[in-house]
Protein chains: 2
Amino acid sequence: MRADAQRNAEKLRTAAAELFQERGLQVPLKEIARRAGVSHGTLYNLFGTREALIDEVVTDLAADRLDEAAEHALSLEDAWEGFAYYIETVCELQATDPALADVLSGRYPGAERLMALCDRAHDASTRIIERAQQAGALRPDFTGEDLLFVFGTNALLTRAAADAAPDAWRRGVAFVLDGLRTQAAQKPLPVGPLTPQQMYDVMGRLSGTP
Amino acid sequence: MRADAQRNAEKLRTAAAELFQERGLQVPLKEIARRAGVSHGTLYNLFGTREALIDEVVTDLAADRLDEAAEHALSLEDAWEGFAYYIETVCELQATDPALADVLSGRYPGAERLMALCDRAHDASTRIIERAQQAGALRPDFTGEDLLFVFGTNALLTRAAADAAPDAWRRGVAFVLDGLRTQAAQKPLPVGPLTPQQMYDVMGRLSGTP
DNA sequence: GAGTAAGTTGACCCCAGGGTCAAAATGACT
DNA sequence: AGTCATTTTGACCCTGGGGTCAACTTACTC
């Protein structure tokens, strides 16, 4: 790869990282090129697709944050505290970083590394959930897919409320957490959890990906 | 108004009602005209704006359903049952009718009758909430604005899941309801409720209206 | 049944986003 | 310095939404 191409790729990565974090993963590619001071043709030439760009730019940052949250959650003595910490922290990350919100509530089949990260995050969630359930604190009918739903709704709400009420999500999360404790459960849930395939479809629609 | 104009307006109302219910209030106006078998120019001529069309076509249907749900909720002996019934019923309406979902999670300042309906629905919600709180069943820190948030997120989720998992919303609602009972409340909520003005802004962003 | 106001039409404009590609520019190697 | 492969550019195309309006058509009235 020629030196100028290297430089342009770097400029594009920087611009994309900024815009993704400011406005989410659907930001127009032409705008990224504009901010990088480069023709949009160059962006297509160097990255080809939006998902490839996302994969390069977003994955590592997101991975660091999510892994750290999961690790800390599991390190807490109290299993419920760990579970609550995880949810609150991830929701807070979503509130402050639209890119991360999209990662968790979207579907980017072309972004391989990102998908791997999602799988890893899902595994970590499952561990955190199961630990809290084994400790008797978290209701046993709650699943990793349900948690994804929580993150999905939180992504939408935090984005909608980012300007007018940037902390509003904390109320919603508090209500949900209170409903997830074992002693809050009243009767069997009306329907079973989603299968991974259903989840995949739903995520696609949540983010507008067909 | 000439007879043919009457007829066309009627055809447009019918087509709009169908498409709104099938696909939500953002359906392209040109598509409504197409289904009505009429030029889109005629649509603009007869209704002017999307909101005017919405106001004529959606308001009464929505009003019937919402009023009935509220009335029945208040008629139930048990205040908590009434509250739960109201939430479940409205969420179910949203799941089966995208138009209604948009009504409750959107903002249509130009649709005067619709706005009046929203105010009425909000009042009814407040009454249902307060009754359940006075009975000691619903946590006292829950407000009508919080309920709107519940409906807003439910609207988006039901739409995303409509094909893959049309009943998924029931799980989410069950979790939330369990978190709203008085005995579920654990500690003071981290932030206060939204003001109506904040709510208005957030709703605008939820539905994509600027 | 002729005249006229009312209504309809569809071609046309705008904008924004995705995406392509021939031609121009430029880096790198000899 | 000359050559050539690589890279960049921006004009261009497409889609799909909103919206307008001059010219046409039609319903009503006398």
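What you see is a predicted model; the values in this text were computed from it and never measured. Heavy atoms only: backbone and side chains are in, while hydrogens, waters and symmetry mates are out. First the proteins, then the strands, lettered A, B, ... as listed; each starts at 1.
A donor-acceptor contact under 3.5 Å is formed by the side chain of B/Lys30 with the base of D/dG18.
For A/Phe175 and B/Phe142, the ring centers are positioned less than 6.0 Å apart.
For DNA chain D, no neighbouring residue in residues 13-23 of chain B is found when judged by any heavy atom under 4.0 Å. Across residues 33-40 of chain A, A/Val38, A/Ser39, A/His40 each have a non-hydrogen atom less than 4.0 Å from an atom of DNA chain D (numbered order). The stretch residues 1-11 of chain A touches DNA chain D through A/Met1, A/Arg2, A/Asp4, A/Ala5, A/Asn8, each having a heavy atom within less than 4.0 Å of the strand.
Side-chain contact between B/Ser125 and B/Ile128: absent, with no pair of heavy atoms (C-beta onward) separated by less than 4.5 Å. Residues B/Leu61 and B/Gln21 meet the side-chain proximity criterion, which asks for heavy atoms closer than 4.5 Å.
Here chain B contacts DNA chain C (any atom closer than 4.0 Å to a heavy atom, that is under 4.0 Å), and the contacts span C/dA5 to C/dA11 from 5' to 3'.
Under the salt bridge (charged side-chain N to carboxylate O under 4.0 Å, His left out) criterion, B/Glu88 pairs with no residue at all, not counting sequence neighbours. For B/Glu68, there are no salt bridge (charged side-chain N to carboxylate O under 4.0 Å, His left out) partners two or more places apart in sequence or in a different chain.
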- Message: Between B/Thr126 and B/Asp123, is the side-chain hydrogen bond (donor to acceptor under 3.5 Å, both in side chains) condition met? List the steps.
- Response: CA-CA 5 Å; B/Thr126 307; B/Asp123 290 349; 5.1 Å; no
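Contact annotation: A/Asn45 does not reach the phosphate of D/dT7 (side-chain N/O to OP1 or OP2, under 4.0 Å).
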